[in-house]
Amino acid sequence: MSEPDFVTAVLEVVADIPPGTVMTYGDVASTVGSRAARAVGTVMAHYGSEVPWWRVVRASGHPAVGHEDRAVEHYRAEGTPLTRDGQRVDLAAARHRPV
DNA sequence: AAGTTGACTTTCG
DNA sequence: TCGAAAGCCAACT
């Protein structure tokens, strides 16, 4: 494709997110050396089927629109800290910070 | 080559 | 605290 390096980098970072933790699109983009948070979402929309996409959430802690229910099911199964709403992730406790 | 679209982020009201 | 507008980057037409 046009930028396979970008796609591979994103998939690699997402696959490196440990269970019970999450990362924002902006964090993933920053880890791959870019600020293209939207491009990360586009990659997930096409290649996310092969990676734990539910571990990638928005800056607000909400999962991808249209996939919130699927994501919450995974969070409960992995023990990811959620807010009292049960619809968004507690970034203060679940945000994964790469070294 | 130029313009539009998108699983986003941040700031202003 | 919630809602709308502008900004950024990569991919697609």
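In what follows, every chain begins at residue 1, and chains take the letters A, B, ... in the order their sequences are listed.
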Against the side chain of A:Ala45, the closest entry in B:dT9, B:dA7, C:dC9 is B:dA7
Between C1' on B:dC8 and NE2 on A:His67, what's the gap in Å once rounded to a whole number? 15 Å
Starting at atom OH of A:Tyr47, determine the distance to atom P of B:dA7, rounded to an integer number of angstrom. 15 Å
How about A:Ser30 and A:Asp27: does a side-chain donor come under 3.5 Å of a side-chain acceptor? no
A:Leu11 has an atom CG; how far is it from atom P of C:dA11, in whole Å? 12 Å
Let me have DNA chain B in dot-bracket notation, would you? Count Watson-Crick plus G-U wobble pairs, both distances under 3.5 Å, and use [ ] for pairs crossing earlier ones and | for inter-strand partners. .|||||.||||||
As a test of reading the structure: which of B:dA7, B:dT9, C:dC8 is closest to the side chain of A:Arg35, going by heavy atoms? C:dC8
Looking only at B:dG6, B:dA7, B:dT10, the nucleotide nearest the A:Met44 side chain is B:dA7
Answer yes or no: does a side-chain N or O of A:Ser34 lie under 4.0 Å from OP1 or OP2 of C:dA10? yes
Kindly determine whether A:Trp53 and A:His67 satisfy ring pair (Phe, Tyr, Trp, His ring centres under 6.0 Å), including the steps that lead there. CA-CA 10 Å; A:Trp53 53 266; A:His67 295 250; 5.3 Å; yes
What is the distance from CD of A:Glu68 to C1' of B:dC8, rounded to the nearest Å? 15 Å
Say whether, by atom type as modelled, one donor and one acceptor occur between the side chain of A:Tyr75 and the main chain of A:Trp54 under 3.5 angstrom. yes
Nearest heavy atoms of A:Ala71 and A:Pro63, plus distance in Å: CB-CB, 3.6 Å
Protein-nucleotide distance (A:Arg58, atom CZ; C:dC2, atom C1'), rounded to Å: 14 Å
Measuring to OP1 and OP2 of C:dC8, would you say a side-chain N or O of A:Arg38 lies under 4.0 angstrom away? no
If you look at every heavy atom in A:Thr80 and A:Thr21, which pair is closest and at what distance? OG1-N, 4.4 Å
Check: A:Gln87 main-chain N/O paired with A:Asp85 side-chain donor or acceptor under 3.5 Å: no
Given atom CZ of A:Phe6 and atom C1' of B:dA7, what is their separation to the nearest angstrom? 13 Å
Closest to the A:Ala36 side chain: B:dA7, B:dT10, C:dC9? C:dC9
Under the 3.5 angstrom rule, does the side chain of A:Arg97 hit a backbone N or O of A:Arg95 as a donor-acceptor pair? yes
Using whole Å, report how far OH of A:Tyr25 lies from P of B:dT10. 14 Å
When we call it a touch if two heavy atoms are under 4.0 Å apart, what does A:Ala64 touch: a base, just sugar-phosphate, or nothing? base
Write down the distance between NE2 (A:His62) and P (B:dA7), rounded to a whole number of angstrom. 17 Å
